[in-house]
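We count ligands from 1, going down the list as the structure has it; atoms in each ligand are counted the same way.
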Amino acid sequence: MSYETLILEKNEGIAVLKINRPKALNALNTALLSELDDAVAAIEGDDEIKVLIITGEGKAFVAGADITEMKDKTPEEARTFAGLAMGIFRRIELMEKPVIAAVNGFALGGGCEISMACDIRIASEKAKFGQPEVGLGITPGFAGTQRLPRIVGVAKAKELIYTAKMIDAAEALQIGLVNAVATPEALMDEANAMAKMIAKNSQSAVRYAKTAINRGFETDIETGMLIEKDIFGLCFANEEQKEGMTAFVEKRKANFK
Ligand code: CAA
């Protein structure tokens with residue numbers, strides 16, 4: 001499928017979705033969000049894709065929601081716009097396939113927010129993160145007030161959101177906002193290497209693990225353990241459990257389909 005503001009490529013089970021509106025630093029406007037919604041649906045439905053990497057074209061990952069488009073919105077329109085992006089980001093978060101954000105540059109406002117909907121973030125040394133919204137007279141609107149504290153803790157999230165400051169990749173690593181930092185040249189190789197490590201495992205098990213972590217994290221530990229127990233049980237109804245354990249016993253590499 002071809003898009004105006006996205007580039008989607010697939011190679012050996014790994015899809016790379018590049019946000020491609022570099023003149024506006026990949027700012028998220030309604031047209032881009034609508035294409036993103038289509039692309040996410042296509043990726044979800046594509047059985048060849050095991051892992052998705054999201055990155056940005058040019059010097060930004062995503063420099064936020066499009067301020068020019070947002071400027072004259074009414075309160076109701078702003079709510080609808082937030083709901084549109086939130087829905088797509090939630091779909092990325094709950095997608096069965098693991099999603100890696102390869103953060104190549106500015107990840108501000110909505111850009112930081114989309115990266116936080118991904119399972120894993122790898123940052124270029126050039127990346128900058130922040131939630132600058134209060135400097136624009138608004139709050140984060142694509143779930144930044146919700147995901148940032150869950151990822152870095154309430155105190156750090158409040159500091160970042162109240163001050164509107166930008167942090168570099170090293171600080172993002174230090175506070176646990178990103179999993180790893182790479183040179184700009186090595187960023188996509190690192191993201192691909194991690195995607196390949198994931199792709200060689202049992203995909204049903206990886207997907208079940210994602211569900212258990214996400215659903216468990218959003219509830220109390222007792223309920224989370226029940227979710228894990230059910231999912232653990234479900235694994236044993238799956239061919240990949242048979243293959244994985246038989247391969248171990250037979251001292252050979254598992255051959256997951
Ligand atoms: N919306 C619309 N256009 C944007 C944009 C955004 N979020 N970010 C950058 N652009 C545009 C600029 O207006 C500029 O366009 P022109 O060439 O037509 O003037 C172009 O992208 C290049 O940007 P700059 O010239 O500003 O580039 P720079 O290197 O000097 O600065 C920057 C880079 C520090 C990221 C700066 O562009 C910036 O501060 N951008 C806005 C970041 C921001 O505030 N993001 C939060 C948006 S609100 C939000 O996301 C709310 C939410 O949670 C939903």
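- For K97 (side chain) and D46 (main-chain N/O), a donor-acceptor pair under 3.5 Å exists by modelled atom type.
- Using modelled atom types, one side-chain atom of R21 and one backbone atom of A27 make a donor-acceptor pair closer than 3.5 Å.
- A donor-acceptor pair under 3.5 Å is formed between the side chain of K210 and the backbone N or O of M95.
- Under 4.0 Å from any atom of ligand 1, one finds heavy atoms of residues K23, A24, L25, A27, K59, A63, G64, A65, D66, I67, T68, M70, F106, L108, G109, G110, E113, P132, E133, L136, I138, P140, G141, F142, M166.
- L52 pairs with exactly one of D119, I92, I43 by the side-chain contact (heavy atoms from CB on, under 4.5 Å) rule, that one being I43.
- Between E240 and K257 there is no salt bridge, since no side-chain N of the basic residue sits under 4.0 Å from a carboxylate O of the acidic one.
- E239 has no carboxylate O lying under 4.0 Å from a charged side-chain N of K242, or vice versa, which leaves the two without a salt bridge.
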